[in-house]
Amino acid sequence: NGSAHASGYVKTTVGGNYVYNPNSGEIVSAYNSVAKKVEFVDFVNWKMSYTNLSTNASISSNKFYALFSASLTVHGKYEYGGIVWNENMGRITATVRGDASGVVD
């Protein structure tokens, strides 16, 4: 059978909206989490795709960060010498956070 090696990374752009209290800096609400873009980078000769995309918006336990995440299941297809590998490469989650200053990381 042989095996196929995959190397690369998934670049996911996640965003959302949040409201904060300007007096305390605490996040009041976080909503509309969205995955704006999903890119597959450096997967040479692989045809990449994803399924089961879900998003989530939440507030950190200390209430100073809005958290936005996207989870998805990654799939890859590789063909060589008449052999086809269709691989479920697992589920990943990307998370970003914003605070009262508007900083997102």
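All heavy atoms count here, side chains included; hydrogens, waters and symmetry mates do not.
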Hydrophobic cluster membership, [X] vs [Y], 4.5 Å side-chain cutoff:
X     : Y     : answer
Met48 : Tyr80 : yes
Ile59 : Tyr65 : no
Leu53 : Val34 : no

In Å and rounded to the nearest 0.5 Å, what is the [atom1] to [atom2] distance from [X] to [Y]?
X      : Y     : atom1 : atom2 : value
Ile92  : Tyr50 : CD1   : OH    : 10.5 Å
Ser101 : Phe64 : OG    : CZ    : 12.0 Å
Thr95  : Leu67 : OG1   : CG    : 7.0 Å
Tyr9   : Phe40 : OH    : CZ    : 12.5 Å
Met89  : Trp46 : CE    : CH2   : 4.0 Å
Leu72  : Thr55 : CG    : OG1   : 11.0 Å

- Task: Dump the intermediate steps for side-chain contact (heavy atoms from CB on, under 4.5 Å) on Asn56 and Ser58, then the final yes or no.
- Result: CA-CA 7 Å; Asn56 185 59; Ser58 62; 4.0 Å; yes
Please report the closest heavy-atom contact between [X] and [Y], naming both atoms and the distance.
X     : Y     : value
Asn86 : Lys77 : OD1-CG, 3.3 Å
Ile27 : Ala66 : CG1-N, 3.7 Å
Val41 : Lys11 : CG2-CB, 4.4 Å

- Message: Determine whether Ser33 and Val14 satisfy the following criterion, side-chain contact (heavy atoms from CB on, under 4.5 Å), listing intermediate values before the conclusion.
- Response: CA-CA 7 Å; Ser33 184; Val14 183; 4.2 Å; yes
